[in-house]
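For reference, the structure discussed in these notes is given below.
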Protein chains: 2
Amino acid sequence: MTPKARPTYSVIAKEAGVSEATVSRVLNGDDRVDQERAAKVLEVVERLGYKKHRAATALASGRTNLIAVVIDNDLSVFSDPFWGTVTSGISRVLMENELQTLLMVTSVSSVDGPVAHYLNTGEVDGAIFFQLHKDALVRKLAKTGLPIVITGSPHAATDFVFVDTDNFGGGHAATKHLINRGCKKVAIIAGDIETVAGHQRVDGYHQAYRELGRVPSKSLTAYGDYSYESGKREMTRLLTEQPDIDGVFACNDLMAMGAIAAIEEKGLTCPDHVAVVGFDDSLVAQTSRPGLTSVRQDIVALGEAAAELMIAQLRNEPVEPRILPTELVIRESA
Amino acid sequence: MTPKARPTYSVIAKEAGVSEATVSRVLNGDDRVDQERAAKVLEVVERLGYKKHRAATALASGRTNLIAVVIDNDLSVFSDPFWGTVTSGISRVLMENELQTLLMVTSVSSVDGPVAHYLNTGEVDGAIFFQLHKDALVRKLAKTGLPIVITGSPHAATDFVFVDTDNFGGGHAATKHLINRGCKKVAIIAGDIETVAGHQRVDGYHQAYRELGRVPSKSLTAYGDYSYESGKREMTRLLTEQPDIDGVFACNDLMAMGAIAAIEEKGLTCPDHVAVVGFDDSLVAQTSRPGLTSVRQDIVALGEAAAELMIAQLRNEPVEPRILPTELVIRESA
DNA sequence: TTAGGTAAAGAAAGCGGTTTCATGCTTCTT
DNA sequence: AAGAAGCATGAAACCGCTTTCTTTACCTAA
């Protein structure tokens, strides 16, 4: 019934014939302890299977070994596998470094909501945020010196530490592919332009055109909201207004699927009449027919990178934002 | 730079003109404190925006307010939105109850691995596990008195507290629907039979047949592994051996998609020649063409229920396993 | 009036580590 | 060879809150 009583410094010190202070030194890697005594302490620790009591350590040292992963409830947290995958990557790496992952799914909006307060009062050693629209909270926290990593690019060009997929490169590759396969008029269905990621994908699209010495007509850019419905709606509109569109880059797979549905409803086929490229290489892309050509991002790696940047900060090592490469996965749709 | 110094009992006691012990009593709802003094304390607490120091509280009281959510790394954690969604539900409810979610993505396999040790030593107040094949670890932990909730049915009929979707009911409804729409020969592509969930879905299928006064031929049951490929492979085999199959219940959406692909490769169409029902009502089901008829489970609710059962246990309230209803979402495929 | 009982509140001892400070011992300086 | 300096080590304070134990004050009963 009772969790077995754990040993404390007191018993270890006694067993090893040293003081508790020495035990502490040994366990914290203080090198100015006699070799033999240190060895003895370690032997006892090993034999007793001793592990430090987290709360006690936290209280005494002021560091909790807890890293918060803050996820905005407002995002499409539910049903989108993205964040879960990132988080698992984060968690794995943190764990390997003796850090714990504290998950907070909440409305991040308020600058002085409970989350803000919580993070502000030294309850965690650092915080990893997921892409957010408003970064007032993050900015405020950063001022307190709390180590922070943002997954996804921060809104403004600040000096926040962040990790992100190469959205620009992905958008560029997707568009380039459409052009290379012979498309003459390539449209784009953008996602949330408010986010940097959304914007960068569009930029990549423009860049691909630019390299051709052309500038895409404004009328070729449609604005969706990452949902299937919006993709379908916008594609229908685009095709109605400009029936000669023969390629489209949708900024995520869901909208791409919507676009394909729209194309087929018009009595056209994909990729013969209109080629489609998505973004994410999600399950949806992999299982659809025609298989969806899509830009793959390594989501687990994104989480791992975030965790690594956090750990580097905790060690006071210099930290650079990290941008992970994408890969175009070619299937039937383009 | 420095996180602003937080007030402690010491200053609150001074401000309110009482002892620290009294402050503690007030803050822990001990009712035998003079009304006026209590009010005074609360006023000061409010004014100073005081919040207890978690580590200190944990050290002194022995309760950490931390609930571990343990996810087995071996599962298809990556790419499957299921776990992430459950976790977000858990986290939200725990948070509302002043509990923190500690995420552990790891190999649960070993009974005395680091996770086991961690959970065993009072670092958390409870643990929520995700469906697992081997429950040796859980069984051992339960013996120590650690409150535990299992998401998904435990393997053996034990007295573990668990929450699960009504897999039996879902399988039954799916099969019934196929029969009702006129299918004469309904096959099933089972998932992992080792798990209770996988088994129950098959049982539901049998039950639907039984209600018709029939018993499905063994040859109508195929075994996949929840992957798209396995669904496609098994469906191809089924149709080759028994071309008159006109309905199939795939135990998840991915296999259902594979099945549809197989059907179309045979030159047949869904639902005209073979009707298909999936399970999960995932994004895949929602965006596929034909839209996939599928059994929906409320995944967020699953997480919320798990958290609620955990909280009930912490309060020493009586706890019953909970089975959540499913809903058949009808689209074009059946 | 006085002994006995009860309830509110303060003093103080932990909880299990970390860290400062003092101590005794060895080593270096001239 | 004596005093300064350097070091490994232990004693003890401390982190912020909980809880037991004591004290104090007030009531009731005889």
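Only this structure's heavy atoms are used, side chains among them; waters, hydrogens and symmetry mates stay out. Order of the sequence lines sets the chain letters (A, B, ...), proteins ahead of strands, with each chain counted from 1.
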Completion exercise
DNA chain D nearest-nucleotide lookup for B:Arg32 and B:Lys51: closer to the 5′ end is B:Lys51

Listed pairs, N/O of protein and of nucleotides 12-15 of chain D, under 3.5 Å:
{"from": "D:dC15", "atom 1": "O2", "to": "A:Ala60", "atom 2": "N", "distance (Å)": "3.4"}

Practice task
Please examine the side chains of A:Thr151 and A:Asp164, heavy atoms only from C-beta on, and report whether any two atoms are closer than 4.5 Å.
Solution key: no

Problem - Residue closer to the 5' end of DNA chain C, A:Ser24 versus B:Ser19 (nearest nucleotide) - result: B:Ser19

Practice task
Check whether the side chains of A:Thr85 and A:Ser88 place a donor and an acceptor atom closer than 3.5 Å, and report yes or no.
Solution key: no

Handout entry: Side-chain donor/acceptor of A:Arg6 to backbone N/O of B:Gly122, under 3.5 Å
Key = no

Problem - Among A:Thr57, A:Asn28, A:Thr8, the one residue meeting side chain to side chain donor-acceptor pair (under 3.5 Å) with A:Lys52 - result: A:Asn28

Problem - Check: B:Thr87 main-chain N/O paired with B:Ser91 side-chain donor or acceptor under 3.5 Å - result: no

Practice task
Decide yes or no for B:Arg32 and B:Asp30: does some side-chain heavy atom of the first lie under 4.5 Å from some side-chain heavy atom of the second?
Solution key: yes

Practice task
Flag yes if more than 12 heavy atoms outside B:Glu317 fall under 6.0 Å of its CD atom; otherwise flag no.
Solution key: yes

Practice task
Using the six-membered ring wherever Trp is involved, compare the ring planes of A:Tyr50 and A:Tyr9 and label them parallel, tilted or perpendicular (cut-offs 30° and 60°).
Solution key: tilted

Exercise for the section: Give A:Arg25 one of three labels, base, sugar-phosphate or nothing, depending on what nucleic acid heavy atoms sit under 4.0 Å from its own. Expected result: base

Fill in the blank from the handout: B:Arg63 atom CZ is separated from D:dC17 atom C1', nearest whole Å, by 15 Å

Fill in the blank from the handout: First and last nt of DNA chain C near chain B, cut-off under 4.0 Å to heavy atoms, 5' to 3', are C:dA8 to C:dG16

Exercise for the section: Please work out if A:Thr22 contacts a base, only the sugar-phosphate, or nothing of the nucleic acid, heavy-atom cut-off 4.0 Å. Expected result: sugar-phosphate

Handout entry: Separation of atom CG in B:Asp30 from atom P in D:dT18, rounded to whole Å
Key = 11 Å

Practice task
Quickly work out the A:Ile12 CD1 to D:dG10 P distance and round it to whole Å.
Solution key: 15 Å

Practice task
Just call it for A:Val33: base, sugar-phosphate, or nothing, with non-hydrogen atoms closer than 4.0 Å on any strand.
Solution key: sugar-phosphate

Practice task
Report yes if some heavy atom in the side chain of A:Leu66 is under 4.5 Å from a heavy atom in the side chain of A:Glu123; otherwise report no.
Solution key: no

Practice task
Measure the shortest side-chain to side-chain distance between B:Val149 and B:Phe162 over non-hydrogen atoms and say whether it is less than 4.5 angstrom.
Solution key: no

Practice task
Would you mind reading off the bend of the helix from C:dT1-D:dA30 to C:dT30-D:dA1 from its two end axes, five pairs each, to 10 degrees?
Solution key: 50°

Practice task
Could you check if a side-chain atom of A:Val93 sits within less than 4.5 angstrom of a side-chain atom of A:Glu308, using non-hydrogen atoms only?
Solution key: yes

